[in-house]
Amino acid sequence: MKYLSILTLVPLVGALAVAFVPRSRPQLAKQLAMLVSLVVLGVAVATWLAFKTGAGAPRLQLQESYNWIPAWGAKFAFGVDGIALVMIALIALLVPLVILSGWHDAERSQRSVPAYFALLLALEGMMIGNFVATDVLMFYLFFELMLVPMYFLIGSFGSDVQPKQRQYAAVKFFLYSLVGGLFMLAAVIGLWVLGGHTFDWQTLTDAEFATNAQRWLFLGFFLAFAIKAPFFPFHTWLPDAGGAAPAGAAALLVGVMDKVGTFGILRYCLPLFPEASRWFAPWAIALSLVGIIYAALLAVGQNDLKRLVSYTSIAHFGFIGIGIFAFTIQAGSGSVLYMLNHGLATGLLFLVVGMFVARRGSTMIGDFGGAGKLVPVLAGVFFIAGMASLALPGLAPFVSEFLVLIGTFTVNKTVAVIATVGIILAAAYVLWMVQRTTQGTLNDKLRDIEPMKKDLSLREGVVVAPLIALLLVLGFYPKPVLDVINPAVQATLNGVVSPERSDPAPATTVEAGK
Amino acid sequence: MGDTISFPHLDYAALWPMLILFGAACVGVLVEAFVPKAWRNTVQLVLSLLAMGAALVMVIKRAAAGVTAANAHTASDAISIDKAGLFLQGALLVLGIVSLLLIGERTLETGGPFVAQAAITVGSEADRRQAARESGATEVYPLALFALAGMLLFVTANDLLVMFVALEVFSLPLYLLCALARRKRLLSQEAAVKYFLLGAFASAFFLFGVAMVYGFANAVDFNSIHANISTSDKPFALLLIGLAMLAIGLLFKVAAVPFHVWTPDVYQGAPTPVTAFMAACTKAAAFGGLARVLYVGFDRSNWNFTPVLGVIAVLTMLVGAVLAVTQTDLKRLLAYSSVANAGYLLVGVLGGGAAGLSSMLFYLVAYGFAIIAAFALLTLVRDADGEATHLSRWAGLGRRSPFFASVFTFLLLAFAGLPLTSGFTAKFAVFGAAIGGGQTWLVLFGVLSSIILAFPYLRVIVMMWLSEPGDTTPSVSIPGALTSAALMVGVLVTLLLGVAPSSLLDLANNAASFVR
């Protein structure tokens, strides 16, 4: 079975089909989009089952390859390792939920409903393309193309309150990403020239580059990924984009699309330029640490729910960053697990915030207050999402944050200790947000707003249930995911640090810690 | 007497494309004199298309027959129909055919995009009458044919004098064509005068450069110049000044900074089909000539023009991009973007070697098709006063005409260099050649310029899709068959060269050699 090409093509073809549904038949467009995303989910499950774990399983599996530009040695080459597989599973899971949660989003924006769902599906296909590519040019292709649907999702379907701000956010998002992308293009070309005119990831990994060249190439790639992730100080586009995007698109933006950045560091920066990675690691860790503290402080001060959640994500990406550059398998696996858990937790948080915003018609925290009295179940879900976001033990993010911190602690105590401050700040911004929104005395204005009286509907229940379930399950039993991740992380780090370093595999630690 | 002057051997098989075009252009002049007015447009259009098609067939036949170092030179080595020359001729003809479709469009407005009689005073009673009723001048077809024939000669000229003649042959008709717009005639005439005056200066520089080089090398053909660079005992300054002046003449034509100032005015004032023709074909011809001069005539390792041209390339990319940001008129925006694109092309040329040449050839074709399609679209967005090219008028066009707005968005993304468009593959080719040639610094500036240049493109996209349509948002006219064809060809090639560029890349790679 050609799982990976099917995974990439189905949403893209589906997007095309949905785009051609006439505007007058929005219902058909929604159903078709839903169907396509469920098919993708099905294929993703099949892919997961077909992926072999355990001793002797190769790192890149389910490989396919098709010629694209023979003159340059570029191919459409597919293949996944554990890290990519986990991310693909996350995408395949989130997109149907986003479609379901945004069932009425597009109508509110008075734009074409088929276009909205077509863009979502196109985005899904392109995001998957990033993770299945084993050809550097193909990766670059999807890395850049993915901007286009997200740009229109933010610009055309974003919050209706301030169209100027929406335009601003969309353009800022596009330009920031394009800046990174173009520097990466220069690095890709450099890699291609120095690597002997090939884009094959495996071949390039085996190639040796001179120290100086390596560092420049690393910078080109890292800049693109640091903007995408985003790391401090390249993060300023995210609160704008996250604040202006429709809730569903924001969930995908922060939940998955940004992970392409951290994934890119793991897949390209570390294996291709190991020496440069070691050389730049202190800087990357420093940026991550600043990001954890700085973004958390800014999150505390936000009055806008969506912007607040965006800032929390920047802080979380800081944790992923130190986990990656600590170069221990515990921390690395923790980072990858964090990428998944953060997608689930922040995805859930964005979707729930979207439900609140849809009812109230405002994203400002000050417009809520005591909402729990009107919509107790929704407020409860909001609380769970918040707790997941601050990494409460028993919920999935705790495991990953814990792994990152102990993995870092074994090699660099100072960094781990400073990062721990981020946990305290996380408690501050999450608890305060929950308190100001849903607890306390009821804001009188809320009483007059009809939609605020409707609690979690069945449709919304279906959206949040799988995410909450996964957060709980992975909070207690992350082993199935860790089994998939560990070999890939191990292989990634083998090239960077000498294998002799003592480094316990994380799965056992977690079981003991539990 | 008889044995002192011998008639040079002419390889007619190699010269056919040019002979056909020149011949057809002369016939076109006769058509103007003898064919009844009502028929002229049709006859001229068919004649021009047939001539270009026949010339293209001849180019293909010649290429299929095989080009070797032995059979490349003809006419006493004054003309060199080598592989790169043939590729450029083919590209010029294909791009010429597509832009001729735009020139031939007559359904978008009464009488077409050209004025009936350019000599009538602007604003006079007669002018109003002709603007409303009379069909446009059909002299544009022979003029375009002459220009194209000149370009074909220009890219294959093997000595500086022939090159100069060719330069004039293709420039003079272009000056005239610029002045023939039906609407905004003063702007059009101003553009023509500006282009003519500056172009005349540039030609003078070129000619003076030829004289200097002759003073140094005692010859005007590239082989002798090349041979004499290392052996001549004349002051080296002669050669340097000569090459600098030649470069000024050529860089003026490619619109490189600081010789670009005419570009926005001329692109804006000229009738849009002519702008498309110039943006695609003049650029290709000028770069073909520039590359031949540098690669064939002056390519000697004992001295090096790369740093100077490198600085010009950087300036061209940056100035073009920065000034594009400030534009509010789409034609001027595309003009500055074409300046920046000249910079990218220079980066490819400076990459050197076969890779540099092939990347340049590929880029010229890719860019030509995209820019023709973009200008074709500009001719469609119009109101009662003709084309509405001011950026603010395009607000909300995406709601009014989603199809055309999507097409234009695609073209803008191609200019911005997004993957799966020809813009990306072309940029990759030139930047790859430059890094391979050790000119990484040029690529870094190229990247910087691309980033800046993305902003104006994005602004147009924002205008079309994210802004509300205003009262003055014009409608998109239904294109006639000719414009539709040009637009479709341009867009499809832009897509094709982005998705599957292999065949053209191979073609360009095979063609990337000059014969000295």
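A, B, ... follow the sequence lines: proteins, then strands. Residue 1 opens every chain.
Proximity to chain B is limited to the side chain of A:F152, based on heavy atoms less than 4.5 angstrom apart. For chain B, no part of A:L147 is nearby; none of its heavy atoms comes within less than 4.5 Å. There is no contact between B:A434 and chain A, counting heavy-atom distances below 4.5 Å. Both the backbone and the side chain of B:T425 come within less than 4.5 Å of a heavy atom of chain A. When heavy atoms are compared at a cutoff of 4.5 Å, A:W72 approaches chain B solely by way of its side chain, counted from C-beta outward.
Closest approach of A:S156 to B:L466, counting heavy atoms only: OG-CD2, 3.3 Å. In terms of heavy atoms, A:A71 sits closest to B:S502 at N-OG, 4.4 Å. Minimum interatomic distance between A:V193 and B:G436 (heavy atoms only, all atoms of both residues): CG1-CA, 3.9 Å. Across every non-hydrogen atom of B:P419 and A:L145, the tightest pair is O-CD2, 3.6 Å. Minimum interatomic distance between B:G432 and A:I189 (heavy atoms only, all atoms of both residues): CA-CG2, 3.2 Å.
Shown here is A:Y168, whose OH atom has no more than 12 heavy atoms of other residues, nucleotides or ligands within 6.0 Å. More than 12 heavy atoms of other residues, nucleotides or ligands shown are found within 6.0 angstrom of CZ on A:F234.
In this structure, the side chains of A:Y151 and B:I461 come closer than 4.5 Å at one or more pairs of heavy atoms. Using a 4.5 Å heavy-atom threshold, the side chains of A:L178 and B:L418 count as touching. A:W192 has its side chain out of reach of B:I435: every pair of non-hydrogen atoms, C-beta onward, lies at least 4.5 Å apart. Residues B:V447 and A:L185 are not in side-chain contact: their nearest non-hydrogen atoms beyond the backbone lie 4.5 Å or more apart.
A:Q167 contributes no side-chain N or O that, together with a main-chain N or O of B:V462, makes up a donor-acceptor pair within less than 3.5 Å. In this structure, A:W68 contributes its side chain and B:V499 its backbone to a donor-acceptor pair below 3.5 Å.
In this structure, A:Y140 has its ring center under 6.0 Å from that of B:F424. Separation of the A:F199 and B:F428 ring centroids falls under the 6.0 Å cut-off.
Looking only at heavy-atom pairs under 4.5 Å with chain A, the residue among B:L448, B:D506, B:L420 that has the most is B:L420. Ranking B:T409, B:L505, B:L413, B:L458 against chain A, the residue ahead of the rest is B:L458, based on heavy-atom pairs under 4.5 Å.
Remark: A:W216 CH2 to B:L444 CG distance equals 7.5 Å, nearest 0.5 Å.
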